[in-house]
Structures are given as structure tokens and as C-alpha cells.
Amino acid sequence: MKNKYQRLTKEEKKECQKMYYSTPKGKEMHLRLIRLSWLGILGILFSVFLFGQIFLKNEHTIWNYFSAISLLIFSFIFLGGSYFIRIKVLNQFAIKIPRFKNR
């Protein structure tokens with residue numbers, strides 16, 4: 001079963017996001033989610049840099065591969081987590097707002 005937020009139209013989703021991000025709690029959550037997304041993106045970029053360094057300098061050790069792969073995995077977890085947290089919070093907000101209750 002889809003979430004309430006996922007069943008909204010594109011315009012309603014934008015309206016729900018705008019309403020939520022205008023609240024004090026929404027502003028704080030938005031900043032945290034942006035920070036989490038940036039950490040994920042920077043982690044992915046740095047892990048690609050590490051892979052490049054491994055292959056350019058021919059330093060093929062288990063520790064180098066382990067550090068690059070673990071950083072890449074955690075970066076994807078951060079990006080996915082920020083997405084799922086955003087959807088969860090917006091879904092809870094859409095359920096509480098009477099404008100979106102009958103849809």
C-alpha cells in the first residue's frame with residue numbers, strides 16, 4: 001500500500017512540501033536532510049577519488065579497497081536514508097493536514 005504522500009498529485013506534493021518546510025520543525029528537518037544528502041554525495045565523490053588513487057598508484061592492498069568500498073556503501077546509505085526520512089516525515093504531515101485527508 002502506498003503512503004498518503006505518494007498518492008498525492010505532483011502539485012499537491014509541492015504544496016505539502018511547501019507547507020511543511022514553512023513550519024519551524026520543517027525548516028530544521030530540511031536543513032538536516034540537506035546536510036545528510038551532502039555528506040552522502042561528498043562521500044561518494046571521495047570514494048571515487050580513493051579508487052582512482054588505488055589504481056593510479058598501484059597500491060592494491062586489502063585495506064585500501066576496504067576503506068573505499070565501506071565509504072561508498074555508507075554514502076549510499078546516507079543518501080537513501082535522507083530520501084526515506086523525507087518521505088516518512090512528509091507522509092506523517094500529509095496525514096495530519098485536513099486538506100489532504102480526503103485524497
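The structure presented is a predicted model; accordingly, all values stated were derived computationally and were not measured.
- Side-chain contact between V89 and F93: absent, with no pair of heavy atoms (C-beta onward) separated by less than 4.5 Å.
- Note on L72 and Y65: same hydrophobic cluster, where clusters join Ile, Leu, Val, Met, Phe, Trp and Tyr whose side-chain heavy atoms are under 4.5 Å apart, directly or indirectly.
- Residues L50 and I69 do not share a hydrophobic cluster, defined by chaining ILVMFWY side chains whose heavy atoms lie under 4.5 Å apart.
- Residues Y5 and Q17 bring a donor and an acceptor atom of their side chains to less than 3.5 Å of each other.
- The structure places NZ of K4 at 10.5 Å from SG of C16, a figure rounded to the nearest 0.5 Å.
- The closest side-chain heavy-atom distance from I44 to L79 is below 4.5 Å.
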Criterion side chain to side chain contact (heavy atoms under 4.5 Å, CB included) on Y21 and L90, from CA distance to verdict: CA-CA 10 Å; Y21 293 143; L90 288 172; 4.3 Å; yes

Apply the test side chain to side chain contact (heavy atoms under 4.5 Å, CB included) to residues F51 and N64: give CA-CA distance (whole Å), side-chain angles for both, the deciding distance (0.1 Å), then the verdict. CA-CA 8 Å; F51 277 121; N64 288 343; over 6 Å; no

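- Between A94 and L8, the closest heavy-atom pair is CB-CD1, 4.4 Å.
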Can you give each donor-acceptor pair under 3.5 Å made by side-chain atoms of residues 25-39, sequence neighbours left out, with the distance rounded to 0.1 Å?
from	atom 1	to	atom 2	distance (Å)
E28	OE2	R32	NH2	2.7
S37	OG	L33	O	3.0
S37	OG	S82	OG	3.3

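- Here the CD1-CE distance, from I97 to M19, works out to 4.5 Å after rounding to the nearest 0.5 Å.
- Taking CD1 of I62 as the reference point, atom OG of S67 lies at 12.0 Å (rounded to 0.5 Å).
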Take L45 and F49 through the test side chain to side chain contact (heavy atoms under 4.5 Å, CB included) and record every step on the way to the result. CA-CA 6 Å; L45 292 176; F49 172 75; over 6 Å; no

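- Of the inter-residue distances, the one linking Q92 atom CD with I87 atom CD1 reads 12.0 Å to the nearest 0.5 angstrom.
- Residue pairs meeting the ring-ring contact (aromatic ring centres under 6.0 Å, His included) criterion with at least one member in residues 66-87, sequence neighbours excluded: W63-F66.
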